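Source: prediction; values computed, not measured. So that the names make sense, note that chain A is the first sequence line, chain B the second, and so on, each numbered from 1.
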Amino acid sequence: MSYKPSIPKGTRDFSPDVVNKRSMIFNTIRSVYDLYGYQPLETPAMELMETLTGKYGAEGDKLLFKILNSGDFLDGTNRDDLPDITSQKLSPLIAEKGLRYDLTVPFARYVVQHRNEITLPFKRYQIQPVWRADRPQKGRYREFYQCDADVIGSTSLTNELELIQIIDAVFSRLGIKVTIRLNNRKVLMGLAEAVGLGDRFTGFTIALDKLDKVGLEAVINELRALGIHPDKEVLLISLLQSGDKPDQLISKLRELFHGSESGRLGLEEMEKLFSLLDTVTPGNAVEPDITLARGLNYYTGTIIEVVARDLQFGSLCGGGRYDDLTGIFGMPGLSGVGISFGADRIFDVMQELHLFPEGQIDGPKVLFVNFGGADELYSLKALEYLRSHGIPSEMYPEAAKLKKQIAYADARKIPYAVLAGETEREMGTYTIKNMHNSTQQSVTLDQLAELLRK
RNA sequence: GUGGUUGUAGCUCAGUCGGUUAGAGCGCCAGAUUGUGGAUCUGGAGGUCGCCGGUUCGAACCCGGUCUUCCACCCCA
């Protein structure tokens with residue numbers, strides 16, 4: 001009756017060392033969110049299926065984890081129909097709940113449900129796991145953490161600015177050099193119209209988005225298949241190839257968009273945002289990228305994506321503006337803009353670039369060696385004193401061989417060991433050993449606390 | 001979801017043509033050293049060869065299925 005223990009595909013255990021490193025990332029993001037005045041929110045891991053379905057497109061619906069109803073899950077079905085029922089029809093009858101797919105939709109649900117309690121504009125952050133039944137790959141998991149911040153109830157572009165400042169601050173603090181790419185869905189619409197693909201918008205953006213992956217030729221081929229106007233190909237190519245500065249690109253686009261209302265609006269927004277950015281001068285590069293089109297399902301204005309400069313990896317953070325997310329829950333006309341950090345990918349990148357500090361991140365500063373008997377009591381008193389002064393410390397739980405206890409401190413990367421045996425006890429002192437350089441000195445309890453406080 | 005890939009000790013990996021008792025390095029445990037970790041030496045423990053089935057006198061090795069890993073597509077943090 002023994003089986004080999006394992007965990008579901010795409011999920012992971014986090015060992016102590018990893019939890020400490022991950023906490024560092026979460027704490028960094030949380031403290032920046034706090035600094036900018038965002039308020040914390042948590043929502044349930046599971047939502048009603050009706051909340052989740054239809055929000056992420058047909059592909060997204062397939063990636064939802066559904067939860068089988070409790071009790072007899074066939075209760076809600078007519079058993080006579082079961083032999084020829086389709087899975088699409090059966091699914092809602094036996095699974096009313098599902099695991100959340102992102103944090104934005106639960107947030108929209110929350111805003112509508114609590115509309116009378118919240119003051120607009122409402123700035124919230126949320127750091128919780130989400131689940132997607134995707135095929136796992138590197139940097140791609142079925143359970144992963146998102147760290148969202150959204151502002152809802154304000155159309156001002158200073159919100160976009162603030163979110164970009166947050167992104168800049170978080171990655172600077174973590175030591176990751178990034179490029180922040182900006183686009184605007186209205187600009188994309190203007191482009192599509194300008195090349196005669198206004199009615200093939202989705203196909204147009206999907207093709208465009210692949211540029212950095214498959215190259216210019218493949219993109220053009222795909223656009224030809226969509227029926228791009230041949231005269232416009234050259235125009236588009238010149239836009240895609242040039243390494244224009246933001247203002248050069250914008251003036252090119254302005255010419256292109258004189259016939260497109262949408263394009264003009266989008267361009268105005270982009271210009272305004274870049275001029276706002278000029279006043280704050282972020283440390284990381286912020287670039288316009290007219291090929292950026294991801295996460296398009298509900299974005300209507302600004303689109304944001306962040307990638308690491310020193311490493312080819314998926315995006316570390318994404319976001320954008322959505323004009324009417326709460327409309328589907330019965331509260332129209334509320335505009336929001338938000339971002340989401342992918343903590344798991346940030347972890348992977350930091351690991352690969354060796355950006356985590358060496359040695360212990362968190363944990364005890366000192367290990368008391370246990371000599372048993374009266375010596376043990378002598379150490380216990382000192383332990384209590386150190387802890388009451390906020391110094392994380394522990395004692396080896398049994399009077400094992402000294403070699404073993406010192407090796408334990410070494411394995412745990414505890415920087416100091418205290419030896420307090422008969423000699424020390426009689427003199428009222430403590431021998432503290434620096435594990436790094438093996439030096440030892442004899443000190444009083446107060447001196448010990450003073451030394452460890454550093 | 002489609003196509004491919006991977007799996008042998010805690011970790012990284014050998015393992016010949018299908019042939020007797022499946023190996024190495026690192027790590028772990030014990031000792032050399034009864035108040036001192038990392039270095040060295042000696043000894044030791046540790047395996048359902050991912051799992052299930054098939055072919056064969058005989059399978060870590062061949063075949064089928066399945067799970068897992070990673071990759072491409074799709075999509076995305």
Problem set entry | Sequence neighbours excluded - side-chain hydrogen bond (donor to acceptor under 3.5 Å, both in side chains) pairs with any residue from residues 88-97 of chain A | none
Problem set entry | Pairing stems for RNA chain B [at least three consecutive pairs; Watson-Crick or G-U; under 3.5 angstrom] | B:1-4 with B:70-73, B:10-13 with B:23-26, B:28-32 with B:40-44, B:50-54 with B:62-66
Return the polar atom pairs (N/O with N/O) between nucleotides 72-74 of chain B and the protein under 3.5 Å, or none.
from   : atom 1 : to     : atom 2 : distance (Å)
B:rA72 : OP2    : A:Q137 : OE1    : 3.1
B:rC73 : OP2    : A:K213 : NZ     : 3.3
B:rC74 : OP1    : A:K210 : NZ     : 2.8
B:rC74 : N4     : A:R140 : NH1    : 2.8

Problem set entry | Sequence neighbours excluded - ring-ring contact (aromatic ring centres under 6.0 Å, His included) pairs with any residue from residues 35-64 of chain A | A:Y56-A:Y101
Using atom types as modelled, flag every donor-acceptor pair under 3.5 Å from a side chain in residues 303-310 of chain A to any protein atom, sequence neighbours excluded.
from   : atom 1 : to     : atom 2 : distance (Å)
A:E305 : OE1    : A:R181 : NH1    : 3.3
A:E305 : OE2    : A:R294 : NH1    : 3.3

Listed pairs, N/O of protein and of nucleotides 6-11 of chain B, under 3.5 Å:
none

Give every pair of a protein N or O atom and an N or O atom of nucleotides 66-69 of chain B that lie under 3.5 Å apart, one pair per line with the distance.
from   : atom 1 : to    : atom 2 : distance (Å)
B:rU68 : OP2    : A:K9  : NZ     : 3.4
B:rU69 : OP1    : A:G10 : N      : 3.2

Problem set entry | Pairs satisfying ring-ring contact (aromatic ring centres under 6.0 Å, His included), at least one member in residues 418-454 of chain A, at least two apart | A:Y378-A:Y430
Problem set entry | Base B:rU36 to side chain A:Q405, donor-acceptor N/O within 3.5 Å cut-off | no
Give each protein N/O atom lying under 3.5 Å from an N/O atom of nucleotides 38-41 of chain B, with the pair distance.
from   : atom 1 : to     : atom 2 : distance (Å)
B:rG38 : O6     : A:S438 : OG     : 2.3

Exercise. Who pairs with A:V280 by side chain to side chain contact (heavy atoms under 4.5 Å, CB included), at least two apart in sequence or on another chain?
Worked result: A:L161, A:Q165, A:L277, A:P282
Problem set entry | Any pair counted as ring-ring contact (aromatic ring centres under 6.0 Å, His included), so long as it reaches residues 129-159 of chain A, sequence neighbours left out | A:F26-A:Y145
Exercise. Would you say A:K401 reaches B:rU36's phosphate, i.e. side-chain N/O to OP1/OP2 under 4.0 Å?
Worked result: no
Exercise. Who passes salt bridge (Lys or Arg N to Asp or Glu O under 4.0 Å) against A:R453, sequence neighbours left out?
Worked result: A:E450
Exercise. Is A:Y145 stacked on the base of B:rA77, meaning ring centres closer than 5.5 Å and planes within 30 degrees of each other?
Worked result: no
